[in-house]
Trainee: 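This is the structure I have questions about; it appears just below.
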Amino acid sequence: IKPFMHGFTGWVYVVVMLQAGGGLLVAAVIKYADNVLKGMATGVSVVTATFFSMFLFGTSLSIQFAIGAGVILVSVYLFSNDIPAMCKGKVKQDEHVEMSPMLPK
């Protein structure tokens with residue numbers, strides 16, 4: 001009979017700690033922001049990770065992914081800026097309308 005954690009190396013513990021830290025980070029984002037912002041952050045992180053993977057590992061991208069990445073980035077931009085109020089001149093460009101600070105004061 002082998003012990004419970006037979007074959008675990010230091011790298012396994014590193015991966016477990018990274019996953020646990022990611023879970024805590026998601027909980028903090030949902031607590032201080034909202035679920036929509038968490039979903040958008042996940043989409044942007046996928047686009048960013050794929051962008052770096054393209055240069056570091058030579059990953060090839062399809063046209064479907066490029067269109068999807070564009071939709072994600074445009075949706076994040078539109079969500080974080082109040083475009084109709086800016087067009088009417090009610091809000092200054094540098095004023096934050098939708099986005100509230102992540103941490104409480």
Side-chain angles (χ1 to χ4, degrees):
I1 295 179
K2 295 181 181 177
F4 177 66
M5 295 200 268
H6 175 73
F8 277 37
T9 64
W11 287 110
V12 174
Y13 292 109
V14 168
V15 170
V16 168
M17 290 297 128
L18 285 173
Q19 292 294 321
L24 292 173
L25 186 63
V26 166
V29 166
I30 291 175
K31 179 178 180 181
Y32 293 112
D34 62 359
N35 198 21
V36 174
L37 187 62
K38 182 249 178 202
M40 290 189 177
T42 302
V44 171
S45 70
V46 168
V47 171
T48 305
T50 304
F51 179 75
F52 284 114
S53 174
M54 201 171 64
F55 291 109
L56 295 175
F57 306 119
T59 305
S60 61
L61 299 180
S62 66
I63 189 69
Q64 291 91 353
F65 183 85
I67 292 171
V71 168
I72 288 171
L73 296 175
V74 167
S75 69
V76 169
Y77 176 78
L78 293 176
F79 181 76
S80 61
N81 295 302
D82 190 11
I83 303 299
M86 284 182 189
C87 292
K88 293 178 183 175
K90 292 181 180 178
V91 179
K92 295 179 183 174
Q93 185 74 15
D94 57 347
E95 243 182 276
H96 296 292
V97 175
E98 287 287 327
M99 305 297 284
S100 59
M102 289 291 288
L103 298 176
K105 292 182 180 181

Trainee: Could you grab the distance from atom CG of L56 to atom CZ of F51, nearest 0.5 Å is fine?
Mentor: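 Reported to 0.5 Å precision, the distance equals 10.0 Å.
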Trainee: Answer yes if M40 and V46 sit in the same cluster of Ile, Leu, Val, Met, Phe, Trp and Tyr residues linked by side chain heavy atoms under 4.5 Å apart, and no otherwise.
Mentor: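 Looking at the clustering, V46 is in a separate group from M40.
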Trainee: Quick check for you: to the nearest 0.5 Å, what is the distance between L24 atom CG and Q19 atom CD?
Mentor: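 Between atom CG of L24 and atom CD of Q19 there are 11.5 Å.
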Trainee: Look at the side-chain heavy atoms of Ile, Leu, Val, Met, Phe, Trp and Tyr, link any pair under 4.5 Å apart, and say whether I1 and F4 land in one connected group.
Mentor: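 Per the 4.5 Å side-chain linkage, I1 and F4 are not co-clustered.
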Trainee: Please answer: with hydrophobic residues joined when any side-chain heavy atoms are less than 4.5 Å apart, are M5 and V12 in the same cluster?
Mentor: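 Yes.
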Trainee: Under the criterion side chain to side chain contact (heavy atoms under 4.5 Å, CB included), I'd like the reasoning laid out for T50 against M54: C-alpha separation, chi angles, the key distance, then a yes or no.
Mentor: CA-CA 6 Å; T50 304; M54 201 171 64; 5.7 Å; no
Trainee: Working to the nearest 0.5 angstrom, can you tell me the gap between I30 CD1 and L25 CG?
Mentor: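 I30 CD1 to L25 CG: 10.0 Å, rounded to 0.5 Å.
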Trainee: Between V47 and F65, which heavy-atom pair has the shortest distance, and what is it?
Mentor: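 Smallest interatomic distance, heavy atoms only, reads CA-CZ, 4.4 Å.
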Trainee: Is there a donor-acceptor pair under 3.5 Å between the side chain of T48 and the backbone N or O of S45?
Mentor: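 Side chain of T48 to backbone of S45: no pair is present.
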Trainee: Using the rule that two of Ile, Leu, Val, Met, Phe, Trp, Tyr join whenever any of their side-chain heavy atoms come within less than 4.5 Å, decide whether V74 and V71 are in one cluster.
Mentor: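 The answer is no; the residues belong to distinct hydrophobic clusters.
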Trainee: Any idea which heavy atoms bring V44 and V76 closest together, and the distance?
Mentor: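 Heavy-atom minimum between the residues: CG2-CG2, 3.7 Å.
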Trainee: State yes or no: do V16 and W11 share one hydrophobic cluster built from I, L, V, M, F, W and Y residues joined by side-chain heavy-atom distances below 4.5 Å, directly or via other members?
Mentor: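 No, because V16 and W11 fall into different hydrophobic clusters, even though each may have its own neighbours under 4.5 Å.
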Trainee: Rounded at 0.5 Å granularity, tell me how far CD1 in I67 sits from CD1 in I72.
Mentor: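 Here the interatomic distance stands at 12.5 Å.
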Trainee: For the side chain of S53 and the backbone of A49, is there at least one donor-acceptor N/O pair under 3.5 Å apart?
Mentor: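 Checking the backbone N and O of A49 against the side chain of S53, no donor-acceptor pair under 3.5 Å is found.
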